[in-house]
Each structure stands twice: as structure tokens, then as C-alpha cells.
2 protein chains.
Amino acid sequence: MTDSPRRRPTLYDVAGAAGVSKSLVSLAIRGQAGVGDATRQRILAVADELGYRSNPWARSLVRGRSGSVGVLVGDLRGYAVDVVHGIEASADRHGVGVVLVDGRGDRDLLARGVERLGGFGVDGIIAVTGQIPVSAVRASAAPVVIVGRPDEVPDSASQVSNDDRLGARMAVHHLLGLGHRRIAHVAGSGRVAARQRASSYEQTMTELGLTPLVLGSVAELIGSDVTAVFCATDRIAAESMGAIIDSGRRVPENLSVVGYDDTQLATWVRPALTTVEQPRHLLGERAYAALAELQDGEPPRREVLPPSLIVRGSTAPVPANAR
Amino acid sequence: MTDSPRRRPTLYDVAGAAGVSKSLVSLAIRGQAGVGDATRQRILAVADELGYRSNPWARSLVRGRSGSVGVLVGDLRGYAVDVVHGIEASADRHGVGVVLVDGRGDRDLLARGVERLGGFGVDGIIAVTGQIPVSAVRASAAPVVIVGRPDEVPDSASQVSNDDRLGARMAVHHLLGLGHRRIAHVAGSGRVAARQRASSYEQTMTELGLTPLVLGSVAELIGSDVTAVFCATDRIAAESMGAIIDSGRRVPENLSVVGYDDTQLATWVRPALTTVEQPRHLLGERAYAALAELQDGEPPRREVLPPSLIVRGSTAPVPANAR
DNA sequence: TTGAAAGCGCTAACAT
DNA sequence: ATGTTAGCGCTTTCAA
């Protein structure tokens, strides 16, 4: 036996078995023109019989690209998943594969994730996280699009994000329309998106001649005469609602609550959460488009998409006695 | 200009700039023995300066493996994420990269996902879904481990799963211990795991001399004298709880509810859900171990891990008047 | 310790 | 329409 017991068949093997040259097989397999019909049939039959599968490394090596993009996800548990779906939908349409690397909310892992994707030879990277380190982006050979709001966006990268300022404004105006005047804000993390939501809340309130009240936690609300809270995230809103209910008050009868992100959580809690929805799927689609542009050599750009308000059961007109 | 403006430097470039041969550079970069210390320093310095990054395709092509495993996720929204974390933790420990492909709950996509991962040249595949088509697994060149309960497990694949029968039994016994006798089950999908939960529920009830009552939806409960429901999933439990509360009854005062999976949802709803927890992280770790065994040429195997019960606020002793 | 050379499996430009 | 050939960038013998 000179042959190893079960080596994967190569183009060469197929060519030998079909009695043609490697190039013909290559063309036939890829469905390219330049092969006689009869020959093509024969080649495909032989390839199939031998169980031939083209070697991705060799193909990528010679072509210089892999035909797939990498997505770096900061946290697989949040709204990022829907963004990924948007990316996948667009990529599918272009016949491009998508691979994910999970950053597990850790900056180091995120940095290594960029490297790893590079090491996989993806043709581009979309980072769905606001925590991507600039240095990692700069070091990447592949073009990078960032979905979210990192502290700093490298010049070389494109960015697609939600208009957090507008979202906060929408939330306040919704409550205002329900007659609320004493509206508090429960702030989120100190990161850019959260800061923008908070500062836009403050600005909107001030512009309306109302007094902003930014809290670190809903617990600070005890004993106050606030009638509505706008929370920086659905997560915070859900926790706040739990705490409010535990403290014996009712949502929305005594207190209205608004969240941000429209995560699944928003529909699971009772009452269901009124919330500002990021256009997640669209963010993904736009991110893919931005990456394609970058790959075509167009300059990086910033794109901001407007959110929308989803009204559910957690907000109601201000109580008569508190008006 | 003969050189393209900004081609990525190769081993050859580094060798030229450092005045040594390609082989030396290769050895130096990979930290292998056989290079003089001074030479190594010089080579590394030059490589760094040129911004050299080894070409993954060429390396994999010649070595015949990629040093990473692929994970196929059926649905990024469910408990799979924690399994993935378990896989990643183990893979990290072995210096192995993990890439994810999302099946979006679609059998076709799942099948193509296996191909795509194969096309990426991963050294092994872990499918975290009960929906993976057998044919796709059979066609895979890379060894496959399945986490979950597909209808059929190919002989060539290993399987790691949760003991759904035991979990259902635990749920029933917990309710029994609280004095409940009229315990209903809200069934899930018709898939294997759900069927096992249902059938184990029935068997346990029967063994205890109680009458099993399997429902398609909690709505069928209206007007019955059931005091507790065991739901096939947390999702179903949460929906059921919502419906129960909407119908004017209280959980757990009038009706106890038990879920399955211990998803995040379980802690978000009010009252928080008593639920059967799959050892998700461990499932991931064991799956990685199983894959490593397969790669070492050991035979495939089946492993079943025991779940555990998490008691929260949705279950309470049976109401006195219903005892 | 170092260098030269032979591929890995494939594509693409070039012959025929 | 078909075959030949020269690499892609790397690892790995094998010589020097």
C-alpha cells in the first residue's frame, strides 16, 4: 500500500480518475465556462463518487480571499443577536458566509477576537460592541465596521449606530404627552451610549422647563413624587419595575416606566415594557453594507439610525392626584 | 513601481530584510529551537517592524489543520449561549479558537452551517442544537459532537445531553413535596427533549398513583382544580404565568408554576421562576472534551448529565382549601 | 546553526 | 475545448 488509508481526495485524484487535467476539474467544479458538457458531467460524477471537497485553505490561499466576513460580538446575550441576524441576512444575499467570535464582554478577548478572525482570513470584520479596543482595530488587516458607540472610533473604521440622543428625547416626549412632568432617569453604565441617553434626557427636560433628576438606582426614588422613570436600558427598567412593585406601588397606575432597546425582556415582564427600539436588524444590514463599501475601497463613514418608540403597558397617563 | 503599494509582508520579505532564509524566519517566529539567539532577536525585530503576520491559509494548508473548532448554534437566543461559554472556556484552556455559525433555527441553514464550518477548515464541530440533520453530520469531514437531542444521532458523532427524564421527575417531586397532587404539564414542541419531559412527567405521576394531565396550553386550565403546573420550558412557564395572572389568579398563592432550563427569563419574571436547570456550562465543557476524544481517534460516545432544581418564588405549598 | 528545496491543493494565465 | 505550468505563503525534510 502506497496510499494512506483514507486521505481526502484532491483535484488531482479526481482528474486522474476522470482522465482529464486538474484545471478542467477545477473549472467544472466551479461551474465555469470552458468545459465541454459531456466532460463536465463525467468530472462531476467522478468527483461526487470520490466524495471530493475542495480544500478551503488552498482556494483561499491562491485567491487571496475567503468569501466570508467575521462578526465580533461583545455579548451574545443582548440585542447584538438581532444585529447579527441583520448582518447574516445581507451576507446571505451576497453569498457571503458569516462567522462569529464571542468576546464575552471582555476587552482582552475582544482584542484577541479581532486577531483570531484575522487569523481565519475573513475578508472583513463587523464588531457588534461598544467595547472594541481601538488598537485592535488599527492592527486589523481586514476592514472593520463598528456597530455601537466605543469611546473612540479609529479613522480607518466605519461606524453604524443608533441615535441614542434622539431615543432619549422620544422617551421623554412620550411621557410628557401622557401628562407626566416629574420624570426621573435611571442611568446605565458609564459608556458612551448610556451617557448620551442621560445627557439627552437632561437636555430635553431642561429645554422643556422641567427639572431633570438622574438616579443611579430606582431605590433612590423612594418617597419622591416622581410619576415616571425613563431607564437607560430594558434590563434596568425590568429591575426597576420589580423593585417598584416590591415596594407596593403599581406600574403604570402609580408610576410609568420606559426602557430602552426593546429586548425580548420587554415583552416578558408584566406589565410589558414601553421602550425605545433600536433598529437592530437594520443596524446589521447597514453594517454589512458599510463593510462592503470599505472592501470596495470607499472611505469609512459614520451612520446614525433613528430608533422608534414601542408603547406597551408600562406607561399610562399621570395619576389624577399627582397631576 | 514594480511592487504593489501595500502588499502584506510575507516570510520571504522578512527573510530578505533580515538577511536570512525563509526557514529560519519560520522557526524564529514560531519560537522553535534551532535558531541562534542573536539571529532570533534580529528576525523578530524585523518581523515586528514590517508588521508581519503569518498567513493562516498557507499555514493551515501545509499543516493540514487549523487549530480551531466550529460551533453550530441552532438558536442564539436560548440557553445555547451558556453552552457556548462552556465550550469556549475549555477551548481557551487548550489554546484552541472557537468560531460560531448561526443556524437561526432553520434546518437548511444548519446543514449549510456544517458545510460552511468544514469550508473554514475547522478541526471539529460541536452542534448545539437538537435539529441538526443527520445527513449533514455524515457528510462532515470533521468530527462532530452534538449537544442536545436530535431525532437521530449518527453513529460517527458523540452526544452530550441533559437528562430530561430526570429533570421532569425532579419537578414533579418538588411539587409533590409542597403538597400538590393535581399537577398538570404544559407540553412543549414535539421534539425529543420535550417528549421526554412529557413522558417522564406522565410516568412519574402514574407511579405515584396520580393522574397525569398533559395540556397544549395553559388556557385549557381554566376552571380546573389543578394546583400546580410543570411547564416544558421557561418560555412556556413565563407565558403561562402571564396568562394565569391575567385571568385573575395568583402565582404561587393559587397556582404553583415550574419551568425548565433556567434561562435568564426565569429571574426576570415576577415571581421568579422555580425551574429545572440544565448544567449548561458543563454541557459545553463535556462537549469540548468529547470532541477532543473524537479527534484523538477514540470512539464516539453518549453522555447524559443530570439537571438540578432551582427553587424560586413561583412555587409554594398547596393552598389549604385545595388540599 | 543555517540554507535550499520540495511540496500542501488550488487557481489562473498561458499554451495547444 | 483541453492541457501545462507557475505560483499563493508556509512548514519541513535534508544538506551544508
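Keep in mind that this is a model prediction, so the values were computed, not measured. Letters A, B, ... are given to chains in the order of the sequence lines, protein chains preceding strands, and every chain is numbered from 1. Any value given below was found using the heavy atoms of this structure, including those in side chains, with hydrogens, waters and symmetry copies removed.
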Gap between atoms CZ and C1', on A:Arg40 and D:dT2 respectively (whole Å): 13 Å
Contact letters for nucleotides 6-16 of chain C, in which S counts primed atoms plus P, OP1 and OP2 and B counts the base, heavy atoms under 4.0 Å: -BBBBBB----
B:Asp164 with B:Arg149: basic N within carboxylate O range, under 4.0 Å: yes
Atom-to-atom span, CZ of B:Arg65 to P of D:dT11 - whole angstrom: 12 Å
Flag side-chain contact, heavy atom, 4.5 Å: A:Arg30 against A:Leu27: yes
Sugar-phosphate, base or nothing in reach of B:Gly34, heavy atoms under 4.0 Å: base
Over 12 non-hydrogen atoms of neighbours within 6.0 angstrom of CZ in B:Arg138: yes
Side chain to side chain, B:Phe120 and B:Val99, heavy atoms closer than 4.5 Å: no
Step-by-step salt bridge (charged side-chain N to carboxylate O under 4.0 Å, His left out) determination, A:Arg104 to B:Asp92: CA-CA 12 Å; A:Arg104 283 171 278 167; B:Asp92 273 359; 3.1 Å; yes
Distance in angstrom units between B:Asp13 CG and D:dC8 P, rounded: 11 Å
Other residues, nucleotides, ligands: >12 heavy atoms within 6.0 Å of A:Gln295 CD: yes
Sugar-phosphate, base or nothing in reach of B:Thr39, heavy atoms under 4.0 Å: sugar-phosphate
